[in-house]
Amino acid sequence: MLTTSIKTLLTEAWRKLGLEPVSFSVDPSERPEYGDFSSNIAMAGAKIARSSPRDLAARIIGNLPQDAFAKVEIAGPGFINLHLKREMIHSCLKEILQDEGKLTAEKIGRGTKLQVEFVSSNPTGPLTVGHGRQAVLGDVLSSLYEQLGYDVTREYYFNDEGRQVDLLAQSLWARYRQLCGEDVTIPEQGYQGDYLIEIAQQVKDDIADAYPVFDEAAKGFFRVRGVSVIKEMIKDDLAQLGVKFDNWFSEADLHRRGEVDAALKALTERGGTYKQDGAIWLRAEDNGGIKDSVLIRSDGRPTYLMVDIAYHMDKYRRGFNHVIDVQGADHHVEQSCMQAALKILGYPQDFLRYAVHQFVSIVEGGETLRMSTRAGRFVLLRDLTSELGRDVVRYFMVARKPETHLQFDLDLARAESLDNPVYYIQYAHTRIASIFRKAEEIDDPSEVDLSPLQSPSELDLIKQLDSFPEILEEAALRFAPHLLAEYALNLARAFHAYYADHRVLGEETDLMQARLALLSAVQMVFKNSLEILGMSTPEMM
RNA sequence: GCGCCCGUAGCUCAGUGGACAGAGCAACGGCCUUCUAAGCCGUCGGCCGGAGGUUCGAAUCCUCCCGGGCGUACCA
C-alpha cells in the first residue's frame, strides 16, 4: 500500500533526526498541486523537535532517499507534499494484479474466533425495516471481519421463552377464537398485527374448533405453534435479503441446561448480587454500569438481563475471543449492565463490544411512519425487499453511518430507482464486463507493461484501488460499513469519468493492453466491494 | 431532572485535529457516426445549531446553551 510505504520512509527519515517517535498521518492530497500524498509529520513533530514546522520539514526531507519521489515540497504551514514517480504507481498496480491478496485487507484477525450477534428479534412477528437495517449492518460487518482474517460466526438469538411469547400465544389464541366466531379481544399488551390471522387460519384448518378457554394447555399449544411458524417467517425474511446465519440460538435451551441458574450462582459467588424488596439485583453501578438492575424478580422469574448474562457466559464458554452485539440505541442501560456483569465475572475487557445503531423511519408521502410491532404499525422488511430488490435495500440500509437516524424515503427509493447509487455502481462493473466481452486478445494482466498508463485519471484510479484494504480495515474496526458503500460509489464515479474520455478497444496494442489490465483490477475491486456488501455484480444491465 | 446519540448546501448525507468544507438529489446549461447516455462535463447553492475554551491549526476535542431522537421498568 502506498500510504504504508510512504509512512515507512518518513518514519525512517524522522528517526535519523534522533528524536523520540512522533505520530503523524499520510493522506491522499486534496488538490493536484499538492502532489499525490501529503503528510503533517513536520507540524505534528514541531514541538518535540523544538523547531518551526517548515524548518523541520526541510530537515526531514533531507533524510529521505534521494530517488524515492519525483518531487517533494514544503507547503502552507508545514505540510510535506509528495509527488510520486509514475513507476511507483505502476508497480503498485502490478502488485495488485499479480497478487489478488493485495486487494484484501491485512489479515490482522489471524483466525481469531469472533461471534457477531445480530437481529435477535423476538419470534413474535415478522421482521420490520428496523430489523432490516440491523440485519444488513451485522451481515456486512461480519463479512468485513472475515476479510481481516477473523473466524466469524453469525448468530441469531431467539427469545423463545418468557412473557412476550406468552403474549404471542394469547394473541394467536384470540385470533383463532375470532375465526371460530367468538368475540374475543387481543390482550392490551398483545400483538395486534394481521399476520396472526393468517396463522390462526392455518391452526383452525388443522384442529377445527378447540381450546375454548385460554388455559395452560392452550397456552402451551399456541406458544409452540406460533413460535415455530414465526421463526420460519423470520428466516425467510432474512434469506430474501441474503443474510445467512451460522447459528440460531434458542433461549429455551439456556433454561433447559440450567445455565441461567449457574450464571446467577457465579455472579453471587463473586459478590455481584444483593437482595432487596424480595428481588435479586445486579451490583452494576459499582462496576461501571449506569444503574443496578433486577436479575430475579420477587416472584422468582429471571429478567431478560439475567438470561442474557447466562447467554454471554455461554458464548465465552464456546471459545469466542471476541463478541460483537449489534443492537439498537435503545438498549443503552442494559449494555452497561451487561458489561458490568462481565467485569464481575472477570472476563477480558474487550470480550464484548456493542455496535450500536439508530432507528429507521420510513417516510412516505412526506409523512414519517412511527413503528411499533405490538401495535401492528410497521413496514415489513419483506414488503420492502420484494418491491425494491435485495441490492437496493441492502445498499440503502448500509450506506448511512449507523449512529444517525436513517430516513428511508419510500417515494424517493421508488422514484429514483433508475439513477440510484446501486445501479450507478453496478453499471460501472457492467461496462467493464462489456469491454472484456468485446476484446479480442487479452494479455495476462499481471504480465502487461503498464508504462503507457500516463493520464492523471488513470493514475488516480490506481491510487484509489490501492486504498481499498485500508477502507476495509477502517470500516470493520470502526463499525462503519458505510465507508465501504461510499468507497464503491467514489470508485464508480472515477471509473465513469475515466470511461467517458478514454478509449480502450481500438487503441494501439500496448496502450490497449495496459488499459485492459487496469480495468481488470478495477473490476476485481468492484466485485470484492459488492460481494462484501452482499450485492450482485451483473455482467449486463 | 439525569444518561447516550444526532444537528454540515433547499432535501438526503460524507467528512472523528490540518491547507480555499465535499457528494448525490433538486434547479439551470452543454455532450450520443466510436467499448452500454442506467453515462460524462459545467453553473447555482454552506457565518459546519449558538457561545466560549484547548491547539501552530477545530465541522472534528472540552464546557455551557438551544433544537431533535432514544433511554431512564421486578418489558424485551
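Residue numbers begin at 1 in each chain, while the letters A, B, ... track the order of the sequences. Basis for what follows: all heavy atoms, side chains included, without hydrogens, waters or symmetry-related copies.
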TODO: Using a strict cut-off of less than 4.0 Å between a Lys/Arg side-chain nitrogen and an Asp/Glu carboxylate oxygen, indicate whether A:Asp166 and A:Arg163 qualify as a salt bridge.
DONE: no

TODO: Please answer whether B:G39 and A:Tyr499 are stacked, defined here as ring centres separated by less than 5.5 Å and planes angled under 30°.
DONE: no

Task: Donor on one side chain, acceptor on other, A:Arg431 and A:His496, under 3.5 Å - done: yes

- [ ] Give a yes or no on this: more than 12 heavy atoms of other residues, nucleotides or ligands lie within 6.0 Å of atom CD of A:Glu33.
- [x] yes

Open item on the list: Students often mix this up, so state it plainly: with edges at 30° and 60°, are the rings of A:Tyr156 and A:Phe245 parallel, tilted or perpendicular?
Closed with: perpendicular

TODO: Kindly point out which of B:G18, B:C70, B:C6 is positioned nearest to the side chain of A:Phe359?
DONE: B:C70

Task: Per A:Arg431 side chain, nearest of listed nucleotides B:C75, B:C35, B:G39 - done: B:G39

Open item on the list: With the criterion set at under 5.5 Å between ring centres and under 30 degrees between planes, would B:A19 be stacked on A:Phe79?
Closed with: yes

Open item on the list: Base, sugar-phosphate or nothing for A:Arg478? Non-hydrogen atoms, less than 4.0 Å.
Closed with: base

Task: Rounded distance (nearest 0.5 Å) linking atom CG of A:Asp160 with atom CG of A:Asp253 - done: 7.5 Å

- [ ] Look at the side chain of A:Glu486 and decide which nucleotide, out of B:A19, B:G39, B:A14, has an atom nearest to it.
- [x] B:A14

- [ ] Counting heavy atoms from C-beta on, name the nucleotide in B:C74, B:A14, B:C40 closest to the side chain of A:Trp281.
- [x] B:C74

Open item on the list: Categorize A:Glu251 for me: base, sugar-phosphate, or nothing, with a 4.0 angstrom heavy-atom threshold over every strand shown.
Closed with: nothing

Open item on the list: Looking at B:A73, I'd like to know if its phosphate oxygens (OP1 or OP2) sit under 4.0 Å from a side-chain N or O belonging to A:Arg297.
Closed with: no

Open item on the list: From the set B:C41, B:U72, B:C20, return the single nucleotide nearest to any side-chain atom of A:Lys291.
Closed with: B:U72

TODO: Show your working on side-chain contact (heavy atoms from CB on, under 4.5 Å) between A:Arg394 and A:Val140 and close with a plain yes or no.
DONE: CA-CA 9 Å; A:Arg394 289 191 70 122; A:Val140 175; 3.8 Å; yes

Task: Separation between CG of A:Leu196 and CD1 of A:Ile186, rounded to the nearest 0.5 Å - done: 7.0 Å

Open item on the list: How would you summarise protein contacts on nucleotides 7-12 of chain B per nucleotide, using B for base, S for sugar-phosphate only and - for none, with heavy-atom distances below 4.0 Å?
Closed with: -----S

TODO: Look at the side chain of A:Tyr423 and decide which nucleotide, out of B:C35, B:A38, B:C75, has an atom nearest to it.
DONE: B:A38

- [ ] Give a yes/no answer on whether the side chain of A:His482 brings an N or O atom under 4.0 Å of OP1 or OP2 in B:G15.
- [x] yes

Open item on the list: Mind checking if A:Asp277 touches a base, just sugar-phosphate, or nothing, with heavy atoms under 4.0 Å?
Closed with: base

Open item on the list: By nearest atom, which of the nucleotides B:C35, B:G18, B:A73 is closest to the A:Ser434 side chain?
Closed with: B:C35

Open item on the list: Suppose we call a contact any N or O donor and acceptor under 3.5 Å apart; does that hold for the side chain of A:Ser298 and the base of B:C74?
Closed with: yes

Task: Each stem that RNA chain B is part of, given as range with range (3 or more consecutive Watson-Crick or G-U pairs, under 3.5 Å) - done: B:1-7 with B:66-72, B:10-13 with B:22-25, B:27-31 with B:39-43, B:49-53 with B:61-65

TODO: Look at the side-chain N and O atoms of A:Tyr498 and state whether any lies under 4.0 Å from the OP1 or OP2 oxygen of B:C35.
DONE: no

Task: Pair A:Lys71 + A:Glu73, salt bridge at N-O below 4.0 Å - done: yes

Open item on the list: Closer than 4.0 angstrom, basic N to acidic O: yes or no for A:Glu117 and A:Lys315?
Closed with: yes

Open item on the list: Test of understanding: with salt bridge (Lys or Arg N to Asp or Glu O under 4.0 Å), list the residues that count as partners of A:Arg390, not counting sequence neighbours.
Closed with: none

TODO: Consider the side chain of A:Met541, meaning its heavy atoms from C-beta on, and name the nucleotide among B:U55, B:A19, B:A38 that approaches it most closely.
DONE: B:A38

